[in-house]
Amino acid sequence: MATAAFPLETATTDSGSLRRVALDPLSRVEGHGKVTLLLDDAGQVQQARLHIVEFRGFEKFIQGRPYWEVPVMVQRLCGICPVSHHLAAAKALDHIVGADDLPPTAEKLRRLMHAGQILQSHALHFFHLSSPDLLFGFASDAARRNIVGIAAAHPEIARQGVLLRRFGQEIIRLTAGRRVHGTGAVPGGVNRALSRAERAQLLAEIDQVIAWSRQAVQLVKRLHAADPELYDEFGTSRSNLLSIVGAGGVLDFYDGRLRARDADGRLLADAVHVRNYAELISEEVKPWSYMKFPFLTAIGPQEGWYKVGPLARMQNCDAIATPLAEAERREFIAHGGGRVIHAPLAYHWARMIEMLHAAEAIKDLLHDDDLSGSELRSSGARHHEGIGVIEAPRGTLIHHYRVGDDDLVTMCNLIVSTTHNNQPMNEAVRRVAQRHLNGHELTEGLLNHIEVAIRCFDPCLSCATHALGKMPLQLELQDASGRVIGRQGSAPADLSSAAGST
Amino acid sequence: MNAPSLLLDGLPVPFSDGQTIMEAATVAGIFIPHLCHHPEFKPQGSCKLCTVKANGRYVSACTMPAKDGMEVENNSPDLNDKRRTLLQMLFVEGNHFCPSCEKSGNCLLQALAYELEMLTPHFTQFYPDRPVDASHPEVLLDFNRCILCELCVRASRDVDRKNVFALSGRGIGKHLIVNAESGRLADTGFSLADKAAHVCPVGVILEKRQGFLQPIGCRRYDLQPIGMQVGRPPATGSSEQGS
């Protein structure tokens with residue numbers, strides 16, 4: 001199959017004569033990544049790439065481990081959305097232990113756990129990571145452009161963000177045993193139910209959580225309305241969409257069949273069982289990034305790349321099962337005027353509608369007495385292979401395992417959400433670089449535009465816990481020979497002293 | 001005539017004839033950290049965690065008979081520093097990855113690390129390559145976590161009369177083996193009902209397919225620190241599992 005090539009992916013002129021600009025590391029994203037730009041003498045962008053520079057190796061070292069350890073081990077991929085990995089693994093292993101139909105108590109507890117995950121992750125991303133860009137401006141004072149700055153200028157918004165996240169984490173704690181990296185889902189079901197007292201404790205807060213989630217949707221809508229040109233155009237590139245949808249075509253984060261649409265919204269594939277994911281999508285490897293580039297096999301790598309996550313889910317489903325979120329979805333779709341919305345900044349809008357849906361779904365679930373049931377697990381005939389799919393906060397997440405008769409894992413394949421969005425993020429970077437950076441003297445504020453585009457996708461670049469909030473933006477200017485000729489930003493002390501800074 | 005007693009950290013602790021310092025302390029409700037000691041088995045004093053100072057000399061509390069008037073130092077910074085160092089060496093010699101270990105919360109080694117406030121491994125990790133033995137239909141052996149306490153060796157030899165386990169090699173090369181020509185547990189007479197299947201204080205001998213069925217918060221050392229559980233036999237194998 002032909003290798004895909006995109007404008008600005010690789011410079012057409014001699015790269016040795018171009019100036020290299022690196023944004024390394026990216027800030028206010030999960031994990032480690034960098035962007036490199038090659039500029040010609042006139043300051044025109046000739047090449048723009050988002051690189052993922054970490055290598056984790058989970059797929060390898062899970063081999064040879066007992067299968068029941070997997071949901072707890074693989075969730076360590078991430079400190080932000082461990083529940084999604086935990087549940088995707090458990091779902092894959094359900095099939096291994098023959099538990100294709102979970103008891104209602106188990107399935108509803110898992111759905112609750114996952115809704116808590118969506119709520120806390122979306123709140124974290126919007127309020128802590130992205131709201132500084134959106135509320136202060138992309139090129140505003142970098143010293144203020146963070147959650148501390150938000151707390152000073154918009155204390156009520158910051159407070160709601162923190163408390164929404166806390167509520168989601170509390171749901172995870174009560175269903176999984178811990179706020180981060182719990183053990184609640186086991187192959188075939190769950191290991192504990194919720195008591196009535198625990199449900200009452202959560203229910204006491206849920207109406208406030210729903211109210212704040214509604215306000216968050218309104219806030220994003222106000223931002224869109226205030227500058228529609230920016231919000232509809234910034235970094236926009238047309239692509240296919242992929243997600244799972246639940247029974248009846250509703251938005252479903254926990255379970256469903258794969259659906260793909262083209263850039264105009266026409267169905268490309270529907271009701272594809274996740275066990276057939278390998279026929280639906282393929283992956284391309286490029287020498288300059290550790291992250292693969294997935295595409296829809298039937299279309300090919302050049303045209304088959306797609307978006308996942310809130311923007312894809314919101315436009316892939318036919319409806320949302322909870323009333324407040326459904327009303328917001330309709331308004332969102334109406335904003336597109338009959339066309340698919342591809343704007344990266346609309347991810348925030350879709351994300352907040354999803355947060356509202358998660359809050360409403362949590363309320364419905366908490367009223368369900370099945371959550372306090374006693375039948376926690378099921379089992380049946382063993383299988384040697386299991387595939388689990390879930391809609392993680394950032395998009396479709398697929399876990400695929402093979403297990404031997406001795407109970408040890410022999411194969412593991414993880415296709416994580418951010419991988420699906422690799423090409424869309426690269427395209428967004430190129431659009432922004434072309435539109436906002438070409439011919440300008442590069443400033444921190446201008447370069448932040450690139451990061452704003454990446455942040456829209458809420459990438460979990462390696463699902464790392466240690467990076468959050470500790471990653472200063474660092475910009476290096478190198479001449480054609482690779483010599484550092486300038487540096488901007490709060491570089492580590494040992495690097496700052498290595499060369500003169502600008 | 002008064003019952004004999006020793007002074008443990010300045011407190012008089014009575015004992016009966018033939019008791020060790022460990023046994024006297026346990027009856028008195030005083031915790032002495034230990035790994036290879038188990039009240040149901042003959043003490044062997046190999047892990048050295050229970051080292052105390054008796055009349056000024058370092059001795060193993062689990063093997064040293066109590067003597068009338070003996071002055072014993074137990075809970076002191078000096079001894080706890082040494083115990084912490086022993087724990088750190090045990091942690092780096094094996095692959096003790098508590099975050100994904102199903103024994104977490106029921107593990108004696110982990111509980112002691114918390115009790116003795118071990119905050120880092122301190123030493124360079126060995127990262128040994130020790131494949132698991134999953135050949136047995138009911139029991140998994142994960143050699144990565146072995147601390148060479150020999151409780152399984154003693155249980156299989158002295159209680160089960162099967163001699164399934166042994167230590168082989170010397171010094172740093174010492175390791176747990178299975179007494180079968182193939183080296184596989186499936187090729188021995190081992191059974192889940194054996195005593196040896198339920199004495200491992202860490203996560204080596206595990207009943208299969210249990211994993212994390214017991215939730216966080218219900219595990220033995222989730223409920224109470226080990227130092228407050230004096231007198232209870234160590235958490236062992238699959239007998240602590242299940243919800």
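This structure is a prediction, so every number in the text was calculated from the model and none was measured. In what follows, every chain begins at residue 1, and chains take the letters A, B, ... in the order their sequences are listed. FYI, side chains are in, hydrogens and waters are out, and symmetry mates aren't considered; it's all heavy atoms of this structure.
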Are there over 12 heavy-atom neighbours, none belonging to [X], within less than 6.0 Å of that residue's [atom1]?
X	atom1	value
B:Asp129	CG	no
A:Met411	CE	yes
B:Phe97	CZ	yes
B:Asp158	CG	yes
B:Phe123	CZ	yes

Residue, of A:Asp405, A:Val186, A:Leu408, A:Asp407, that accumulates the most heavy atom pairs under 4.5 Å with chain B
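That would be A:Asp407.
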
Which of the residues A:Arg65, A:Arg178, A:Arg192 is involved in the greatest number of heavy-atom pairs with chain B at under 4.5 angstrom?
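Max contact count across the listed options: A:Arg65.
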
How many angstroms lie between [atom1] in [X] and [atom2] in [Y], if you round to the nearest 0.5 Å?
X	Y	atom1	atom2	value
A:Thr183	B:Ile216	OG1	CD1	4.0 Å
A:His86	B:Phe212	NE2	CZ	9.0 Å
B:Ser100	A:His181	OG	NE2	11.0 Å

Is B:Asp222 in contact with chain A via its backbone, its side chain, both, or neither, using a 4.5 Å heavy-atom distance?
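Answer is neither: B:Asp222 stays 4.5 Å or more from chain A.
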
Is it the backbone or the side chain of B:Asp133 that comes under 4.5 Å from a heavy atom of chain A, or both, or neither?
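Contact with chain A involves no heavy atom of B:Asp133 at all.
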
A:Ala185 versus chain B, heavy atoms under 4.5 Å apart: side chain, backbone, both or neither?
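Neither part.
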
Side chain B:Lys208, main chain A:Pro66, donor-acceptor under 3.5 Å:
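Not at all, since once roles are kept as given, no pair shorter than 3.5 Å links the two residues.
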
Using the rule given for side chain to side chain donor-acceptor pair (under 3.5 Å), can you reason through B:Gln210 versus A:Trp68, listing the C-alpha separation, both sets of side-chain angles and the distance that settles it, and then say yes or no?
CA-CA 7 Å; B:Gln210 296 301 300; A:Trp68 53 86; over 6 Å; no

Could you walk me through whether B:Leu213 and A:Arg377 pass the side chain to side chain contact (heavy atoms under 4.5 Å, CB included) check?
CA-CA 10 Å; B:Leu213 293 184; A:Arg377 290 181 287 280; 3.5 Å; yes

